[in-house]
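Positions are given from 1, in the same order as the sequence printed here.
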Amino acid sequence: MTYSVAVSGASGYAGGEILRLLAAHPEVEIRTVTAHSNAGQPLAEHQPHLRSLAHLTLQDTTPEILAGHDVVFLALPHGQSGRYTDALGDVPLVIDAGADHRLRSPEAWAQFYGGAFHSPWTYGVPELPVAAGGAQRQNIVGARRIAAPGCNASTVSLSLAPGVAAGVIDPSDIVSVLAVGPSGAGKSLKTNLLASEILGSANPYAVGGTHRHIPEIRQALLAAGDPSTRSGTGRGSGPSTGSGTEGDDIRISFTPVIVPMARGILATSSAPIAPGVTDAQIRDAWESAYGGETFVQLLPAGQFPRTADVLGANTALLGLAIDRAANRVVVVAAVDNLVKGTAGAAIQSMNIALGLPEATGLTVNGVAP
């Protein structure tokens, strides 16, 4: 069976990456591409690298145009995709690459995003450990509505969820610092993202607990671990983070830094080692979680990834260090923010939901140099 697909926001970075990956997918037909201000223009004017799709013209993003497909991808800024939800009720599978359906907490949405709150959808990070055992993919099977992750959020969550699930780290003192490419901020013109502003410079942003992906990380880590099994912290211990979600024992200091690379995330995350945990138990937690995974791979001890290693790939590479002097576990993760961080996760989730082989249309191989 060939599935008909429509992609909204097709002139942007996320929409363009969804199209690039779908163009190599043997089970789909890209029938419709839509945009807002760019409607009526050839797709090739905005995505000139997509030569196999040069025959397509951007149409208006309306429910009527998006309806009638087997799969619809919404690659729109936060606050925009939610308004299409009810109107697309007859579409068998809708995948939102925006933020509108990621959060379960209305309070967290109001604090970090604002505007109308929309019901949460199945979270599209298949490899993420879940407290009931196994991984999030079991919840994606047969899903009709999927929320693709925020790229920074899924990178940090995948980095630390095995430690939370196994109870080998204390999640009340997580610190994550990320080097990120500006493509994660979208394609809209912004002065602070001009080449003359970022070349030769590193620029922190959303410092001090204000980044919108923080409640998404906390939500994912809460889902990964049973609070009663955690070492070193109890449910509700310590002051609340004020994020408006349950699980106040999960606290994170999150600092992203824009660096002059078009795409990519290098996330360095650390957390205290739980009392009485051995080095072998720590490494076993990550090996057990990801040992059988295709797209999330733990590197051998002493090795750490580079963003160049995952360019264009649907791969998250993790390096694990145990710093006994500081009593912390350190995980360094590299992903391509537009692939594994967004479009790749969306298509991987689509494959699972439709019962297709999970890796269809996706690759673990990066592009080098």
Side-chain angles (χ1 to χ4, degrees), residues 9 12-21 73-78 81 95-103 112-113 121 123-128 136 146-161 176-188 190 193 198 203-206 210-221 252 254-269 295-296 305-318 331-350 362 366:
Y13 287 140
E17 196 70 358
I18 290 170
L19 289 170
R20 182 180 75 85
L21 298 176
F73 289 89
L74 301 173
L76 303 172
H78 78 269
S81 57
I95 301 174
D96 185 11
D100 288 24
H101 296 280
R102 292 175 190 158
L103 298 185
F112 285 86
Y113 289 93
W121 289 357
Y123 195 48
V125 184
E127 303 89 351
L128 193 69
Q136 177 63 9
I146 296 171
C151 53
N152 296 315
S154 61
T155 304
V156 174
S157 298
L158 287 168
S159 296
L160 296 176
S176 292
V177 179
L178 295 77
V180 301
S183 59
K187 206 171 185 179
S188 299
K190 302 178 181 68
L193 299 181
I198 67 171
N203 305 283
Y205 67 102
T210 62
H211 196 283
R212 287 168 169 166
H213 287 176
I214 290 174
E216 186 179 339
I217 297 167
R218 296 181 68 252
Q219 177 176 284
L221 295 182
I252 177 169
F254 178 91
T255 306
V257 180
I258 291 179
V259 296
M261 58 184 181
R263 57 166 80 196
I265 297 173
L266 188 72
T268 302
S269 302
F295 295 117
V296 180
R306 310 172 302 167
T307 56
D309 301 332
V310 295
L311 183 66
N314 190 52
T315 310
L317 293 181
L318 307 181
V331 181
V332 180
V335 305
D336 184 323
N337 60 293
L338 293 178
V339 189
K340 186 56 174 169
T342 305
I347 291 169
Q348 186 179 345
S349 297
M350 177 196 76
L362 301 169

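- In terms of heavy-atom proximity, L74 sits nearest to S81 at CD1-CB, 3.8 Å.
- When every heavy atom of I252 is checked against every heavy atom of S176, the shortest pair comes out as CD1-OG, 3.9 Å.
- Residues that satisfy the side-chain hydrogen bond (donor to acceptor under 3.5 Å, both in side chains) test with T342, not counting sequence neighbours, are absent from this structure.
- Between P256 and A206 the shortest heavy-atom distance is CD-O, 4.1 Å.
- Heavy atoms only, all atoms of each residue included: A346 and I95 are closest at O-CD1, 3.6 Å.
- Remark: A345 engages P149 in a side chain to side chain contact (heavy atoms under 4.5 Å, CB included) (not counting sequence neighbours).
- Looking at V310 and K340, their side chains never come closer than 4.5 Å, going by heavy atoms from C-beta outward.
- I265 places a side-chain heavy atom less than 4.5 Å from the side chain of C151.
- Taking R212 as the reference, H78, F112, Y113 meet the side chain to side chain contact (heavy atoms under 4.5 Å, CB included) condition, with sequence neighbours excluded.
- Within the 4.5 Å cutoff, the side chain of N337 has heavy atoms near those of the S183 side chain.
- For S349, the side-chain hydrogen bond (donor to acceptor under 3.5 Å, both in side chains) test picks out no residue, with sequence neighbours left out.
- In this structure a side-chain-to-backbone donor-acceptor pair under 3.5 Å is missing from D336 to A313.
- With values rounded to the nearest 0.5 angstrom, H211 atom NE2 is found 8.0 Å from I214 atom CD1.
- Listed by chain and number, the residues in a side chain to side chain contact (heavy atoms under 4.5 Å, CB included) with I198 are P182, N203, I258 (sequence neighbours excluded).
- Annotation: the span from W121 atom CH2 to D96 atom CG amounts to 5.5 Å, rounded to 0.5 Å.
- Counting heavy atoms from C-beta on, the side chains of R263 and L311 come closer than 4.5 Å.
- Considering only heavy atoms from C-beta on, V156 comes within 4.5 Å of L178 through its side chain.
- Here the side chain of E216 pairs no donor or acceptor atom with the backbone of R102 at under 3.5 angstrom.
- Atom CG of residue L128 and atom OH of residue Y123 lie 7.0 Å apart, to the nearest 0.5 angstrom.
- A donor-acceptor pair under 3.5 Å links the side-chain atoms of K190 to the main chain of A185, judged by distance alone.
- For E127 (side chain) and L158 (main-chain N/O), no donor-acceptor pair under 3.5 Å exists by modelled atom type.
- For H213, the side-chain hydrogen bond (donor to acceptor under 3.5 Å, both in side chains) test picks out no residue, with sequence neighbours left out.
- The heavy-atom pair separating L221 from S157 by the smallest distance is CD2-O, 3.9 Å.
- Looking at every heavy atom in both residues, G124 comes nearest to I146 through CA-CG2, 3.9 Å.
- Side-chain atoms of I347 and F73, non-hydrogen and from C-beta on, do get closer than 4.5 Å to each other.
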